[in-house]
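In this text, all values refer to a predicted model and were calculated from it rather than measured experimentally. All ligand and atom numbering here is 1-based and tracks the order in the structure.
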Amino acid sequence: MDQELDNICRKPECTYSQTGQCVLNNDALTCPDRLASIADLVASTVRVRGEIVLSAPVEMERLSSSLSLTVNDTKKITRGRYCKIIGILGVPGTGKTASLVSLYLLLAHDKLKGFRFLDSKSVMAFEEISKGARRWNIGKLPEHLTAHTELQDERIAGYLHLRLQQIEDNGIMDLLLTDLPGEWTTTLIETNRTDRLGFLKAADRIWITVNAEEIEKINTRQYIIHRLSLLINRISTFLEGKVPDITIVVTHCDKVANVAEYLTPLQALASGFDIKIAPIASFSGNDNVPPGSGIDELIADLPKMRNSSISEFWPNADISEETRHILQFQNNR
Ligand SMILES: Nc1nc2c(ncn2[C@@H]2O[C@H](COP(=O)(O)OP(=O)(O)OP(=O)(O)O)[C@@H](O)[C@H]2O)c(=O)[nH]1
Ligand SMILES: [Mg+2]
């Protein structure tokens, strides 16, 4: 504090030099007890005010008010940081949102094998979609633990963000996962509608959810498999051969035994990319299958990127914009 201002008042208890306020509420410039000249006081006050003003707060990332992240929001996260984009497709009710809820709840309870939660820029969105599952106390599993997904803007994909750490080597991985309404997949299959699927061009992985119960039932099996093959072909055509690996995520595996054998013929559709099959049970009413089964394998498979030098979680080397698919996608919008 300025030495001059320690002696500006006749009263020893005066705290003007600390607070800038007279304890007697006198105007500082006309106070009868002041010692310093008005000119000194004005000059010193300006200096003191300069000193006591707090430094500007560190600018925090501000994300839009919608719960999931917009492409613009993701720019703030992807700036200088490699994020893996996971595009999740699947017709309504096949368990896209449930898989995200299950992943989030496993992380929240520190039960995702091999990983720990570090951060999320979309906690509120995860909280929102997890509400139903949080209310479920052990007992009979309700038919619907998640609500049908609806977007604020029916044409723009929203993203959910997670930052995870792999326990084995402390590597950090940022994920941006879409939570889309199933109709986006239905219209891709039925009418080849692709205008709102541009984000797939930036995807590092595509998950396609399918309900194991519908594969198990003989009367729906062939129909579902046929539609899955149509979907994979549509994606492949849309992405003009630059297709990331696809994982067929077989949900509801708490309810039926393994149905993967019926899906393996679909792997023949992979040309220049891989098709993997991953059974999961996002929730479970079956004592023998813990809720969240298979989610850890799904996540552990993500760092294994095909044909990529970026196989480690968090590469130290700078990545040029040309090799960053999300940046290309953002720049081309
Ligand atoms: N038992 C069990 N139930 C599941 C599983 N996955 C999803 N469900 C149930 O199936 C319902 C539909 O799942 P959602 O995740 O909402 O389906 P979605 O694919 O997001 O559907 P849309 O948002 O309509 O496209 C949920 O309410 C869950 O109760 C699972 O692995 N096991
Ligand atoms: Mg949904």
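Put simply, the side chain of Ile246 does not reach to within 4.5 Å of the side chain of Leu269, judged on heavy atoms. Looking at Leu106 and Phe115, their side chains never come closer than 4.5 Å, going by heavy atoms from C-beta outward. Side-chain atoms of Arg221 and Ile215, non-hydrogen and from C-beta on, do get closer than 4.5 Å to each other.
Of the options Leu180, Ile129, Asp179, a side chain to side chain contact (heavy atoms under 4.5 Å, CB included) to Thr149 is made by Asp179 and by none of the others.
Side chain to side chain, Ser282 and Ser102 fail the donor-acceptor criterion of an N or O pair below 3.5 Å.
Of all heavy-atom pairs spanning Met173 and Lys84, the tightest one is SD-CE, 3.8 Å.
Polar contact with ligand 1: present for Gly182 (N/O pair, distance under 3.5 Å). The shortest N or O to N or O distance between Phe283 and ligand 1 is below 3.5 Å. Ligand 1 has an N or O atom lying under 3.5 Å from an N or O atom of His148, backbone or side chain.
Of the heavy atoms in Glu183, none comes closer than 4.0 Å to ligand 1. Heavy atoms from both the backbone and the side chain of Pro92 come within less than 4.0 Å of ligand 1.
Shown in contact with Ala281 at under 4.0 Å from a heavy atom are these atoms of ligand 1, numbered in order with element: 31 (O). The Asp254 neighbourhood of ligand 1 comprises atoms 1 (N), 2 (C), 30 (C), 31 (O), 32 (N), with distances under 4.0 Å to a heavy atom of that residue.
The closest approach between Gly93 and ligand 1 falls below 4.0 Å for a heavy atom of the residue. Within the 4.0 Å heavy-atom cutoff, Thr209 does not count among the residues contacting ligand 1.
Between Ser282, Ser102, Ala98, it is Ser282 that holds the heavy atom closest to atom 31 (O) of ligand 1. Remark: among candidates Lys96, Lys255, Glu213, His252, the nearest residue to atom 19 (O) of ligand 1 is Lys96, based on non-hydrogen atoms.
Between Tyr104 and Phe117, the ring planes are perpendicular. Angles over 60° get that label, and only those under 30° would be called parallel.
No cation-pi contact links Lys255 to Phe283, judged by a cut-off of 6.0 Å to the six-membered ring centre and 45° from its axis.
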